[in-house]
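Read the structure below first, then the notes.
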Amino acid sequence: MIKLNNVNKIYKTKSVETLALNNINLNINEGEFLSIMGPSGCGKSTLLNIMGLIDEPSQGEVSISGYRIDDYTGKSVAKFRNEHLGFIFQSFHLINDLSVIDNVELPLLYRKVSSKMRRQLAEEALIKVGLKNRMKHFPSQLSGGQKQRVAIARAIVGKPNIILADEPTGNLDSAMGNEVMDILLGLNQEEKTTIVMVTHDELMAKKTNRLIRLFDGSQVQ
Amino acid sequence: MLKNYFKIAIKVLGRRKFFTAISLFGISFTLMILMIATAFFESELGNDAPLKNRDYLVYVPMVSISKDYQDTIIQVDTHFIDNIAKYDTTLSFEPAGRSMSRSSPSYTFLRNNLSDIPFVDKMSIFSRGVSYDIFINSKKVNFGAVFVDENYWDIYNFTFIDGQAFGKTAIDNQEQVAIISKKASLDYFGTVENVIDKEVMLDGKHYTVKGVIDSGISSASEINAEIYLPYTHVKPSDLKDKSFLGSFAAIFLAKDKKSVQKIKNEINQKEKRIEIPTDLYDYDKIDIEVMTFFERYAKGIISSDKPEESFRILFGVILFFLLLFFLLPTLNLININVSRILERSSEIGVRKAFGANSQNILLQFIFENIILTFIGGVLGFLFALIVIYLVNDSQILGDTTLHFNYKVSIYSFFLCLIFGIVSGYIPAWRMSRVHIVNALKQNQL
C-alpha cells in the first residue's frame, strides 16, 4: 500500500546539514495499523509527512497504492492527497472561524461534490465520531477530545484509504486519548482503513498491528 | 466552495476589527474618489443626452490666419588679391516672426468653405458667447445664449421636457422663438410646466418659448446654455461679414465613426485650397482648427498647436494621476493583506494537506479580498453619493453637474473588482506557494 525505498531526508542550512531520515525502507500493507515511536527529533513526523506527500524526500522513492510520486507541487499530488489520504494532527488544526460541520466539509470542497452531498457526508462522519449534536458549534466551544474527534471526522469524510495521525492523543488526557484511539481502531477494523500513527505512548502503540521505532533518523525496529 | 470562502472572509474581517477598519477606510476612500472622478468624467465626457453622437462629432471652433516674416541678411566679405579689393556678397534669409490673427470663424467663412465636406451627415453652424442679464423680482439672473440653426437639434439630441425644437421656417422667417433649459425655466417662470408659448424678454425683445430641455450636464458652453435662439437673430452684420474671423463655430456629424478622421483630413486639405482675400488681409496662410469632441475638451485645458497633442497630454496626465491614486492605497492594502494572510498560514497548511492546490488557495484569498473591497465599495458608494450631492448643491464645479447613473455604477463595480484583484493577488500568490509543513508549524488558525 505504502512503499518507501531508501528514503533519506536532509535539511540543509548555510552551515549545517542535518540527516533527518536515513535510508528508510518500509512496506505498509493495506488495512494495517502501524505505529511509529521514537524520541523527540528522531524523524517520526518527517517520515509521516513524507508518507502523506506533504514533504518531499531528499533521496529515495515513495509510492502509494502503486502511484509513484515524482512531482510534489502540482495539481495531481493535491488531488491524490484529497482522495486517498486523511490527516490527524496533534494540535487538531481546526479552523476556528468555521463551525464544526464546515471544518469537516473542508476536504470535500476540493472535489466535485454538491453542497447538499457535502453536508450529508460531513454529518455521517460526525455521527461516526459521536458529535452529531455539536455540528453548529465552533472549535473554541469544544473540549480537546471533541476537537480531535472533529479532526478525525474531517480526516474520514472523504473516505480515504489511508489515515496519517501525528500524535493524535498527545494533547489529550488518558480518557479522551482512549476515546480517540477507540475510534481509530474501529476505523481500521471495520472499514479496513490503513492507519499510520506517530505516538509517544507505548500503551497506544501496543494496540496497533505493528510498531516501528526510529532513532536519529534510522529505523531500529 | 464560495459560500465557505464567504463565511470565513466575514469571520476573518470580524476577527481583527482595527485592521479591518483601516483597510475599509482606505478602500472606501479610494473608491469614493475614483467613483467621483468617474462621475465627473461621465458628466463631462459621457455620451448621455445631448451627447449621444459624441463619437461622431467633429468641431471647427477656431480659425487662425497668419504670415511668416523673414529677415534678409546681407554679408559682404572683402579680400585683397594682388592689391585689388574683391567683394564676396552672401544673402541669407532667417525667420523674423509671425503675424497672426486667431478667432472663431465667421458665418460666411463656414458657409462658403465648409458646407460641402464629404462624409458629413449633418453640419450645424452656431454662435455662442452672448449672455443676457435678466431681472426677475429684482434679482439679477444671467442667461447664456446660443444662436443655432435647425441641424443643431439633430446633432445634439437634447431631451425635451416640453414642446419641440424650432425648424428651418422659423429660422428663415426670423421668428422670435426660443428653447429654454429647465434651469432657465425654473429661474424665469418658477416652473417647467405650461411654459410653452409664454414669452421671455431678452434685451427688450420678446421670444416665445417653444420648448424646454433638460440642461446638458457637460460644461461645454454650447450645450449648457440657458436659452437657444435662431441664429438669424445675431446682428445682421455678423451674417454678412465677408471676413474669415467672426463669432461662429461649426459642428459636423459624421456618417459613421470612420468618417470622423476622413472629415478632419478633408478639412485639412480644404484649408490649403482656400484663397485669402488680399483686400481684407495681409496674410498668406490659414489654419482651420478641426478636432473631435475629446480633443476639443483637452484643448480647452491644455493649449497646444495640435488638438491631438492636447488630448494625448491630458489623457497621459489623467492616467498618471489615476494610477498614482490607485497605486498608493493598493500597495498599502497589499501590505495589510500580507500580514493578515500570514496569520493564517496554518489554515493554508491544513487546506493544502486536505487537497487544496495552489490555485485553490490563490482563488480563496482573492475572493476574500474582493469581498472586503466590495464592502469598502458599498461604503465608498455611499460616501460618493453624499459628496456628489454636496458638490452639486454648492455648485463648486460651476455648470458641471455630477450624476451617478447606472454607467458610473457599472464602472465603479469594475473598479472594485480590479482593486480587489490587484491588492489581493500578490499576498495570495505568496501564500499559495507556502510549503505545507512550514505552514502547519504555525499553530494559530
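All chains are named by letter (A, B, ...) in the order of the sequence lines, taking the proteins before the strands, and each is independently numbered beginning at 1. Computation of the quantities below employed the complete heavy-atom set of this structure, encompassing side-chain atoms and omitting hydrogens, waters and symmetry-equivalent molecules.
A salt bridge links B/Arg344 with B/Glu368: the closest approach of a Lys/Arg side-chain nitrogen to an acidic carboxylate oxygen falls below 4.0 angstrom. Salt bridge absent: A/Lys128 and A/Glu124 never bring a charged side-chain N and a carboxylate O closer than 4.0 Å. Salt bridge A/Glu105/A/Arg119: present, at least one basic N to carboxylate O contact under 4.0 Å. Ion pairing between a basic and an acidic side chain is recognised when a charged N comes within 4.0 Å of a carboxylate O; A/Glu83 and A/Lys79 show such pairing.
Within the 4.5 angstrom heavy-atom criterion, only side-chain atoms of A/Leu98, from C-beta onward, approach chain B. The part of A/Phe89 that comes within reach of chain B is its side chain, from C-beta onward, which places non-hydrogen atoms under 4.5 angstrom from that chain. With a threshold of 4.5 angstrom between heavy atoms, B/Arg433 does not approach chain A through any atom at all. Contacts between A/Asn49 and chain B at a heavy-atom distance below 4.5 Å involve the side chain alone, from C-beta outward. With a 4.5 Å cut-off on non-hydrogen atoms, A/Arg154 touches chain B through its backbone and its side chain both. With a 4.5 angstrom heavy-atom cutoff, A/Leu106 touches chain B only via side-chain atoms.
The choice from A/Thr46, A/Asp55, A/Leu53 that makes the most heavy-atom pairs within less than 4.5 Å of chain B is A/Asp55. Of all the listed residues (B/Arg351, B/His435, B/Lys352), the one sharing the greatest number of non-hydrogen pairs under 4.5 Å with chain A is B/Arg351.
Tested against B/Ser423 for a side-chain hydrogen bond (donor to acceptor under 3.5 Å, both in side chains), the candidates B/Asn369, B/Thr373, B/Asn335 yield a single pass: B/Asn369.
Across A/Tyr110 and B/Gln364, no two heavy atoms sit closer than the pair OH-OE1, 4.4 Å.
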